[in-house]
Amino acid sequence: MPLLPVPQPFSLELTTARFRAFGLDRATVWEDGALYRAAGGRELRIAAANGGVEVEPLDAETEPLVRKLLGFDFDLVAFSAWVAGEDRLAPLVVRFAGFRPSLAPDPFEALVTSITAQQVSLFAAVAIRNRLVERFGERIGRVWAFPPRDRLAAASEEELVAVGFSRRKAEYVVGLARSELDLAELALLPDDEVKARLTALRGLGEWTADWFLARHLGRPRAWPAGDLALRKAVRALYGDVDVRAAGARFEPFQNLSAHYLLAQYLTP
């Protein structure tokens with residue numbers, strides 16, 4: 001099986017923990033020590049190997065997806081050097097050595113996933129998302145391809161309610177799918193402009209925009225201060241602080257810091 005080198009340090013098990021922490025994810029399946037995704041109508045398999053990961057198939061279409069999915073662009077060496085001066089955070093970075101935050105490869109999928117997770121438990125969000133991909137996506141081997149934007153643009157709000165969305169969230173998803181927002185263009189814009197364009201759409205608030213910056217674009221300074229789990233994690237380490245203001249403490253590694261703070265909720 002073709003080998004794709006991964007920047008070190010790296011742990012496939014830690015990097016993929018979020019895909020099994022809240023139940024089976026139909027679009028990103030962990031099975032028998034390997035991760036499966038749909039890629040261009042094909043089943044993609046990613047397994048751990050010395051110095052990297054075995055990827056089948058590995059080609060010009062699948063390699064960029066794998067790189068994003070496994071957080072290749074995060075500079076863990078620089079982060080580890082910086083965190084040495086952060087006595088409270090450093091033990092988490094040691095504990096989860098090799099954890100690379102996984103990024104959502106597709107912007108539309110990232111936003112719909114965030115809408116699904118608004119104000120519900122992540123277990124409930126994964127269950128609803130699974131019903132969405134089974135109803136509107138395409139099954140490819142072990143996994144389901146996440147439904148493309150045009151498929152959900154053609155769906156009715158009633159169809160989304162039928163798979164578990166609230167009426168309001170169904171409106172948000174269909175509205176996003178039918179909007180004129182160029183999601184690919186967002187990658188070319190600065191953080192503030194990305195947030196402004198996203199929050200201009202109904203149902204996409206600051207929390208969703210911050211996670212889009214963090215978990216799709218991988219922006220270094222993304223800091224989802226409104227996330228309840230992150231607020232809990234920050235205050236557990238630093239006391240009753242203003243979590244939004246505390247983001248400055250982790251400059252310029254807010255995104256990595258947030259992910260390492262949250263990693264303790266993904267792994268026993």
Check your understanding: Under 6.0 Å between ring centres, would you say that holds for Phe10 and Phe96?
Key -> no
Check your understanding: Are any non-hydrogen side-chain atoms of Pro9 and Leu76 less than 4.5 angstrom apart?
Key -> yes
Review point. Looking only at atom types and distance, does a side-chain atom of Arg235 sit under 3.5 Å from a main-chain N or O of Val241, one as donor and one as acceptor?
Key: yes
**Study point:** Within 6.0 angstrom of Asp75 CG, more than 12 heavy atoms from elsewhere
**Key:** yes
Check your understanding: Does atom CZ of Arg168 have more than 12 heavy-atom neighbours, drawn from other residues, nucleotides or ligands, at distances under 6.0 Å?
Key -> no
Practice item. Look at the rings of Phe146 and Phe108 and say which category their plane angle falls in: under 30° parallel, 30 to 60° tilted, over 60° perpendicular. Key: perpendicular
Practice item. Sequence neighbours left out, what pairs pass ring-ring contact (aromatic ring centres under 6.0 Å, His included) with at least one residue falling in residues 21-51? Key: Phe22-Phe123
Review point. Who passes ring pair (Phe, Tyr, Trp, His ring centres under 6.0 Å) against Phe99, sequence neighbours left out?
Key: Tyr260
Check your understanding: Has Asp192 got more than 12 heavy atoms of other residues, nucleotides or ligands less than 6.0 Å from its CG?
Key -> no
Point to revise | Salt-bridge criterion met for Arg42 and Glu61 (N-O under 4.0 Å) | key: yes
Exercise for review: Check each of Arg26, Arg129, Arg139 against Glu134 using the salt bridge (Lys or Arg N to Asp or Glu O under 4.0 Å) test, and report the only one that passes.
Suggested key: Arg26
Check your understanding: Of all heavy-atom pairs between Ile140 and Ala38, which one has the smallest distance, and what is that distance?
Key -> CD1-CB, 3.8 Å
Review point. Salt-bridged, Arg151 to Glu138, with N to O below 4.0 Å?
Key: no
**Study point:** More than 12 heavy atoms of other groups within 6.0 Å of Glu185 CD
**Key:** yes
Review point. Would you say the side chain of Ile46 lies within less than 4.5 Å of the side chain of Glu54, judging by non-hydrogen atoms?
Key: no
**Study point:** salt bridge (Lys or Arg N to Asp or Glu O under 4.0 Å) pairs, two or more places apart, involving residues 218-233
**Key:** Asp191-Arg219, Arg221-Glu251
